[in-house]
Every structure is written in C-alpha cells, then in structure tokens.
There are 2 protein chains.
Amino acid sequence: MPVDRVIDAAVELVDEVGPREFSMRLLAQRLGSSTATLYRHFAGKDEILVQVVERVLGEVHLHYPDLPAASWQDQLIAGADALFQTLKHHPRTVSLFDNHVPFGPHGLAGREAALSILLSTGFPPEIAAKAYTAVAHYVIGFAGQLHLDSTTTPDETQGLRTFYRSLDPARYPATVTSAPHLPGSLEDEFHFGLQLIVHGLARHLPSEGRGLPG
Amino acid sequence: MPVDRVIDAAVELVDEVGPREFSMRLLAQRLGSSTATLYRHFAGKDEILVQVVERVLGEVHLHYPDLPAASWQDQLIAGADALFQTLKHHPRTVSLFDNHVPFGPHGLAGREAALSILLSTGFPPEIAAKAYTAVAHYVIGFAGQLHLDSTTTPDETQGLRTFYRSLDPARYPATVTSAPHLPGSLEDEFHFGLQLIVHGLARHLPSEGRGLPG
DNA sequence: ACCTGAACACCGTTCAAGT
DNA sequence: ACCTGAACACCGTTCAAGT
C-alpha cells in the first residue's frame, strides 16, 4: 500500500536480479502482496520502472563533494561524476535510463543545477543546453558499460583484454597494439572523456581566452 | 534454414516492433517456420539479437563520406557520424548496443579503423584506447535518445519543449531560460559534443601545439 | 473501500514425435 | 537428418469475487 515502500522494493529487486528478471510477480511476492494490488497503485510495470529511475536519481546528491568555490569546469565534472558514482551503486538500473528523459523532480534538479552553472558562467542558453545534453548522454552511455551483460561471451575484463590480444595482428594491427589499454579502468576512461568535453567547452565562452576565475 | 535470412528478418522485425515486442514466435511466423526450428540454428533469443547488432554495424560503411586526405579530426568525426547515421536508420536497435561490446568482424573493424587513425596520428596507445572508448560511448549514449520511448509522458518533441517552458521559473530558472533550445535538433546536439571531444583530444598529442596537416 | 485468486493471452525454451 | 506441435514454466494485465 505505501507507494514509497513499493519503489524501495522495486529498486532492491532490480539491483538484485536485473531489469530482465524483474517482474510484477516477484515484486508482489517480496511485498507479501499480489500483482493485482500493485495495479491499484501503479498503471503498470513501466510506471514502476520510471519511478525506480527517479528514486535512483534521488541519490545523486549523496555523491556531491564539498566544492566551496570551484571553477565551473570542476563543478560540472563533479556533477557528472556524482551521477556516475550513483549509477555505479545501481549498475543494473542503467538501461532503464535509455529512451527516457527523466521528468521527475530529481531529474529536473540535476538539469537545473548544471544549466545554472553554465548560464551563470556566461554561456549563451543554446550552448548551455547543448553542453548539458552532451555531458548527460556521455555519462549515460558510459554507465551502460558498468554492468556488462553476462551473455557477452568473454565476460570478465581480463578475458576481454586477452581476446583483443589474441586477434590477428595483420588484420587488426591497431587493436592489438592498444590491447593492453583496452578496456582500462572504467573510472579513468570515464574521466578522460569527461575532461575533453568540459575543457573543450571553454572555447564556446563569449569571453574566450582570458578571464580569471573568482 | 539459411542463417542470413533469419537475421535479415530479425532486423526487420526489431525495426518494426521494437526490441520489447520482438519475440521468437513473431520471428518464426515471419519466416513461415516454427520456434523450435530457430533453436536448431541459434542458441536462443540473445544470440539472435547479438547478430542483429552485428548486421546493423555492417551498414556503417554505407555512411562513410569520401574523405581523400582529411585531417585526423575530420576522419574521426566522419567515423562517429557514420555510426550515428546508421543507428538513425535502425533507432529501435540502439538499446541492443547497451551492456554489450561488439565482438563480431564489423564491430572490430570499426574499432580498428578508429584506433588506426589515432595511432598513425601519433597518439600513444593508451590515449588512443581511451579516446576510442570515449567517442564510442558518446555516440551510443546519444543514439539512445533517437527513439524516445512512447511510454514517456510528453512524448512529442514539441510537447517536451512546452513542458520545460511550463515549469515554475522561480524553481527552475536555468531550465526555463534554456527551454527554447531544449531539446534542439538531435543532429546539431550530437555534433556539438562530438567536436568538443575530438578537438579536445589535440592537447593529448605528444607534439602538441604545432603541427601542420598534410 | 481495499484486496486477491484465478483467468487470459502471451512469453522463451524444450522434447517427443513426425517425415 | 531436418522439422514441429504441444507442452512447461513463466510473463503483464484484468476482473469477478471476497472481506
């Protein structure tokens, strides 16, 4: 009956069994209730999963560091990283973020925070909007690799590196050369691209080139 | 019986009904066969979907422009754009790319092509590997928004803009200010972030700063 | 008012039985 | 050898019936 209790259980269930095995029956069982009861409180499975996404976004603030007076770049990076860290705690929910713009208060709050940093820094609204979209899609796209599907044939990271190294060097010379770094630490790779995006933004600032922070 | 014929039909079916409605029964029916026959040729649904991804990647080369002697930046962008254009033709397959590293020949070919550009430009293997990962995840993450789920409440683009503009400006000032540009043309937004990433890469080139193309 | 067992029309997958 | 109808154990969703 209490809606929050249902979503709590739903997040737990997705964390444990993944979105593919998540079912209304399992959820009802975990709540000691029946599926028909769930339908008295939610339109259906999809609505519950949408609220699972919102609940996860509600944890992002837990991963914000204390940044008293950081540069706009560091603030943006901290925001993107907070989302990434949150998704790391709920890796099996990431695919729920696909094909879905988060409209709930937590989704809007994250968007608002990022746009606010960009606008107050002096970016024009159009650039700010595009920058936010670029960063958001980058984080989600990257987070999708947090929980590699176990159906993937060589599914351990080590196996993947071995696989790349075992390729024919005549046919895939560049891949074999890069194999020891493919895939590296997901954390490092994530920050690498994030820095590229955020620092590249500077050239779209109207007062480009000069400008001291603070 | 012919494996290619099955995958052709599977791509068609995912394009038409989406991955959620895709089923072995529908696929068998379209082939004038039975599900049990499909299991004689494929381990299961997941294996078929993996091959659907490979088949889609096989179309990427169709979207490469002729670039006789372009800069490494333009070559990278062209490659990322070719993938993006391909996914635009099969928007409902994008979620199949999630949680899945493409191991087939077409997936490897794309990786090899990108790494080859980067290594021959002079990037160290570690940077090349990270750059490839960043670009790949960016493209996939962005392409995920190509086919917005119809379960999303305000699902037409115009409705989305209207929704953002209807928010309380006191609570979401930055979002409301950026509303006319949120979401803009997906194509424009995609290229904006792509340029950021690719041009940001230049600072990781050992011979940074100078260096004339061609 | 609030809940639910049982049903409906589906799934993915398997297997005995057909040619 | 190659195929398949029918079954098994599940789904999401609904509804008549219970308290």
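Bear in mind the structure is a predicted one, so any value in this text is a computation, not a measurement. Below, read A as the first sequence line, B as the second, and so on, with proteins coming before strands; counting in each chain starts at 1.
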K.L.:
Between A/Ser34 and C/dC3, does any side-chain N or O lie under 4.0 Å from OP1 or OP2?
P.N.:
no
K.L.:
Would you call A/Arg171-B/Glu112 a salt bridge at under 4.0 Å N-O?
P.N.:
no
K.L.:
In whole angstroms, how far is the C1' atom of C/dA1 from the CZ atom of A/Arg40?
P.N.:
8 Å
K.L.:
Hey, is A/Asp8 close enough to A/Arg30 for a salt bridge, meaning N to O under 4.0 Å?
P.N.:
no
K.L.:
Could you write out each protein N or O paired with an N or O of nucleotides 13-17 of chain C at a distance under 3.5 Å?
P.N.:
| unit_1 | atom_1 | unit_2 | atom_2 | d |
| --- | --- | --- | --- | --- |
| C/dT13 | OP2 | B/Tyr39 | OH | 2.4 |
| C/dT13 | OP2 | B/Lys45 | N | 2.9 |
| C/dT13 | O5' | B/Tyr39 | OH | 2.9 |

K.L.:
Quick one: are A/His61 and A/His106 in side-chain contact, heavy atoms under 4.5 Å?
P.N.:
no
K.L.:
To the nearest angstrom, how far is B/Arg20 atom CZ from C/dC10 atom P?
P.N.:
16 Å
K.L.:
Any donor and acceptor pair, going by atom type alone, linking the side chain of A/Arg25 with main-chain N or O of A/Thr35 inside 3.5 Å?
P.N.:
no
K.L.:
Within the pair B/His41 and D/dC2, is there a side-chain N or O less than 4.0 Å away from OP1 or OP2?
P.N.:
no
K.L.:
CD of A/Glu21 versus C1' of D/dA9: gap in Å, rounded?
P.N.:
13 Å
K.L.:
Who are the ring pair (Phe, Tyr, Trp, His ring centres under 6.0 Å) partners of A/His89, not counting sequence neighbours?
P.N.:
A/His63
K.L.:
Measure across A/Ala9 and A/Leu31 and return the closest heavy-atom pair with its distance rounded to 0.1 Å.
P.N.:
CB-CD2, 3.8 Å
K.L.:
What integer distance in Å separates B/Leu27:CG from D/dT4:P?
P.N.:
13 Å
K.L.:
Base, sugar-phosphate or nothing for B/Phe22? Non-hydrogen atoms, less than 4.0 Å.
P.N.:
sugar-phosphate
K.L.:
Any chance CD of A/Glu21 has more than 12 other-residue heavy atoms, nucleotides or ligands included, within less than 6.0 Å?
P.N.:
no
K.L.:
Please state whether the phosphate of C/dT4, meaning OP1 or OP2, lies under 4.0 angstrom from any side-chain nitrogen or oxygen of A/Thr37.
P.N.:
yes
K.L.:
Once pairs are restricted to Watson-Crick or G-U wobble with both distances under 3.5 Å, how does DNA chain C read as a dot-bracket string, [ ] for crossings and | for other-strand pairs?
P.N.:
||.|||||...|||||.||
K.L.:
Taking all atoms of both residues into account, what is the closest heavy-atom pair of A/Ile7 and A/Ile48, and its distance?
P.N.:
CD1-O, 4.2 Å
K.L.:
Between atom CG in B/Leu38 and atom P in D/dT4, what is the gap in whole Å?
P.N.:
10 Å
K.L.:
Which heavy atom in A/Leu38 sits nearest to a heavy atom in A/Met24, and how many Å separate them?
P.N.:
CD1-O, 3.6 Å
